[in-house]
4 protein chains.
Amino acid sequence: MSRVGEVRRKQQRGIRTRLALLEAAGRVFARMEYDKAKLKDISDDAGISLGSLYFHFGNKDDVAAAVLDVQQERMTEVLSAVVEETEGTSLERLLDLLEGMAELIAGDALVQAGIRLLTSLPDELKDRGYGYYDEWQRVTATLVGEGVEDGSVTSGIPAHELAEVVNETFVGAQVLSGMLDGWQTLPGRVRRARPRLEQLLAP
Amino acid sequence: MSRVGEVRRKQQRGIRTRLALLEAAGRVFARMEYDKAKLKDISDDAGISLGSLYFHFGNKDDVAAAVLDVQQERMTEVLSAVVEETEGTSLERLLDLLEGMAELIAGDALVQAGIRLLTSLPDELKDRGYGYYDEWQRVTATLVGEGVEDGSVTSGIPAHELAEVVNETFVGAQVLSGMLDGWQTLPGRVRRARPRLEQLLAP
Amino acid sequence: MSRVGEVRRKQQRGIRTRLALLEAAGRVFARMEYDKAKLKDISDDAGISLGSLYFHFGNKDDVAAAVLDVQQERMTEVLSAVVEETEGTSLERLLDLLEGMAELIAGDALVQAGIRLLTSLPDELKDRGYGYYDEWQRVTATLVGEGVEDGSVTSGIPAHELAEVVNETFVGAQVLSGMLDGWQTLPGRVRRARPRLEQLLAP
Amino acid sequence: MSRVGEVRRKQQRGIRTRLALLEAAGRVFARMEYDKAKLKDISDDAGISLGSLYFHFGNKDDVAAAVLDVQQERMTEVLSAVVEETEGTSLERLLDLLEGMAELIAGDALVQAGIRLLTSLPDELKDRGYGYYDEWQRVTATLVGEGVEDGSVTSGIPAHELAEVVNETFVGAQVLSGMLDGWQTLPGRVRRARPRLEQLLAP
DNA sequence: AATGAATGAGACTTCATTCAT
DNA sequence: CATGAATGAAGTCTCATTCAT
């Protein structure tokens, strides 16, 4: 066996371990607060030694940061898909975005973990979590603004006020479903809210 | 000095200490998660010894439980005031309730603490916090239902769906303001949302 | 009411309180080790405030010391009664002493407490407890010695060896009954052992 | 270095640490009551960190339980040796057992610790300690019974009464020597008691 | 890369003792 | 005398992090 091949195999193995740990971190952080979650919980959940976890991530904060990074990556995918989508009015695309995001959240423990971490993170990491929140704000505001332009959204009310209510409703749905049933009912909630939001935003 | 007076004075002192500790607990739990909050933080904030805190509350859970009790008491006051209020339509009373609650939350660290604890409590205490949540659900549902009867709320949409959206919006406003500015903008958010909710609920 | 009478009444009350605390201490120390027993347990058992306990006894060690004193007093009573008794041989008086002591122990929590304390006392108090033990040694040795003189005890075996076995048997009976049933079967054990000891000691 | 050898070496290290802690626990528990003994005393005595102690034993009770297990193991060894011994009468084997046990106790701090723990254990652990006591009872009763059959023990007195006195004497010797000189004189006491017990039990 | 073992700082909690009335 | 309240030292235990293979 060549030296090079051996090295590559080792690297492959390392990557796999890292991913397993990351998924385990997602499951654990989705279930409990940052402080309540123990690194031992994560390494146990992954079936990998604690020492190995420290090899791949320098410390607890780094584990959380890595989870947040993946979360944002996955959310950005959904975001981009909708933003780049050209069919339909801006209003439709906004509401599609909410539904798409709801589906993602309901089905992905790692994304749930990211959401949960947002409210229980040590101060040093807060910014990292908020980065995504800012982008989200920007996107909804943009879509509402475009809606006013293309006529799918009413112009009678300041766009930022409309965006505010939309965000509140979506966040509320997330929090309530997260609290009560581990986000399982989130897609349903968003689907039921859709006609209400249309009524609110349409001209 | 009469015996009775003496006893009363001693009790007064104890009661005062207990209250000071409770308020301090409110401030601390409003600022951080249950696990992140240290009892030392609370006793320091109150300027009272840690031992004394343990004299008045048996353990950390009991401190949180006492905070929750006070929170629910204060929230119930606002709730009752609005429910017993006879002027105005049910819709107006519902929206008044949201505004009243927003004012209470924005101005009362102990109530903020209760809200925060709801998402970071150890399982044994979860029920204690949810008690209030259930009552809140019932009250909004009732007010929406009464609104349908007295004609102030549309009958075209199932009452429970309307209540759901109202709750989501209110919870979302709470969470966002709590996260971003310590609930200071909550009353403004609710005030801005009022016409939107009227538009949604009115026939 | 005269000043003097009032003072006397207060003293009476104080004495009664002190006794109640002492009995409570007996019950508590009979049930558990010195370290496991909390002064709060004692004051609660007596239905008297902790502060009052500290008024009557300076600290925990003093409480234990007071219990030991009463124990020794009560044991010495039994001891004296038998020693001063003139009827019967020395052997009979020795065995009577064992039985009398067993009865005392089985019926008196405070004496049980003294016994228990003997093995769980802080070093500073050890001497106080051992004082009695030494006296006990002396008495049994004396009685055995007198038995040899009056012919009720065999002279074929060194008196101190005989005394040793007698003590071991009695202590063993105490420990076993104390461990297994709170000393209730101690008198029975001693009664059953009597003929065995007679067989051993008689010429 | 082979993988297997590496693992074995690591385990060896853990096992060695665990044993060192166990011996230290024996020394400490032999010197003082359960409640008086601090885990810091044990880890200091072993020259190992307190955290490590918690790594090997979950909590204080578990440390005591481990000590008891080892004690019982070592006592059972002596017990088995004597029981399986075929030479000599039952009476001789019984007395040999007492002497063997006395030697073991006098020379082994861990066994001394077990004895001491028996009287100062939290209730949850009592059973664990009594297990051995029951076996001891059974063994002495059995040997006495066999003695009656093989003629080495008198049949004039109920076997269980004889066993009772034997146990009392042995326990008394243990307690007195434990109290007065850390069990150093126990073998001497038992040796001196041997002819007395023979006199008592022989036909 | 990976692991089991080890460490130390810090948290919760208990309790003897003191204080104010 | 008596009491409720208050304090601080000390003990048990947890866990992020580091170490030695």
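Note that the structure is a prediction, hence the values are computed from the model and not measured. In what follows, chains carry the letters A, B, and so on, assigned in the order in which the sequence lines appear, proteins first and then strands, with residues in each chain numbered from 1.
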Specify the closest pair of heavy atoms between C/Asp35 and C/Ser120, including all atoms of both residues, with the distance to one decimal.
OD2-O, 4.5 Å
Closest heavy-atom contact between A/Ile48 and A/Ala20?
CD1-CB, 3.9 Å
Apply side-chain contact (heavy atoms from CB on, under 4.5 Å) to the pair C/Leu121 and C/Leu68, showing each step before the final yes or no.
CA-CA 11 Å; C/Leu121 230 39; C/Leu68 286 173; 3.5 Å; yes
Verify the contact: side-chain N or O of C/Thr17 to OP1 or OP2 of F/dC1, cut-off strictly under 4.0 Å; return yes or no.
no
Close approaches to DNA chain F from residues 19-40 of chain C, in residue order (heavy atom, under 4.0 Å):
none
Going by the salt bridge (Lys or Arg N to Asp or Glu O under 4.0 Å) test, which pairs reach into residues 59-73 of chain B, not counting sequence neighbours?
B/Asp69-B/Arg128
Starting from P on E/dT17, measure out to CG on C/Asp62 and report it in whole angstrom.
9 Å
Taking NZ from D/Lys60 and C1' from F/dA10, how many angstroms apart are they, rounded to a whole number?
12 Å
Where A/Gly26 and A/Ala113 come nearest, the two heavy atoms and their spacing
O-CB, 3.3 Å
Protein-nucleotide distance (A/Arg18, atom CZ; E/dA1, atom P), rounded to Å
11 Å
What is the distance, rounded to the nearest whole Å, between atom CG of C/Asp41 and atom C1' of E/dA16?
13 Å
Which residues in residues 43-56 of chain B have at least one heavy atom lying under 4.0 Å from any atom of DNA chain F?
B/Ile48, B/Ser49, B/Gly51, B/Ser52, B/Phe55, B/His56
Count the heavy atoms belonging to other residues, nucleotides or ligands that lie under 6.0 Å from NZ of C/Lys40, then report whether that count exceeds 12.
no
Rounded to whole Å, how long is the line connecting atom CZ of B/Phe57 with atom P of E/dT14?
15 Å
I need the CG-C1' distance between D/Asp61 and F/dG11, as an integer number of Å.
14 Å
So the ring-ring contact (aromatic ring centres under 6.0 Å, His included) pairs with at least one residue in residues 31-71 of chain B (sequence neighbours excluded) are B/Phe29-B/Tyr34
Under the rule for side-chain contact (heavy atoms from CB on, under 4.5 Å), what residues qualify as partners of C/Asp45, not counting sequence neighbours?
C/Ala24, C/Arg27, C/Val28, C/Arg31
Reading 5' to 3' and counting Watson-Crick or G-U wobble pairs with both distances under 3.5 Å, write the dot-bracket notation for DNA chain F, | for bases paired outside the strand.
.||||||||||||||||||||
What's the shortest heavy-atom distance between A/Leu53 and A/Leu21, and which atoms?
CA-CD1, 3.8 Å
Determine the minimum heavy-atom distance between B/Arg116 and A/Thr119, stating which atoms define it.
NH2-O, 3.6 Å
Ignoring hydrogens, what is the shortest heavy-atom contact between A/Leu117 and A/Val67? Give both atom names and the distance.
CD1-CG1, 3.9 Å
Without decimals, in angstroms, what is the distance between D/Asn59 CG and F/dC13 P?
5 Å
Given atom CD1 of A/Ile42 and atom P of F/dT17, what is their separation to the nearest angstrom?
12 Å
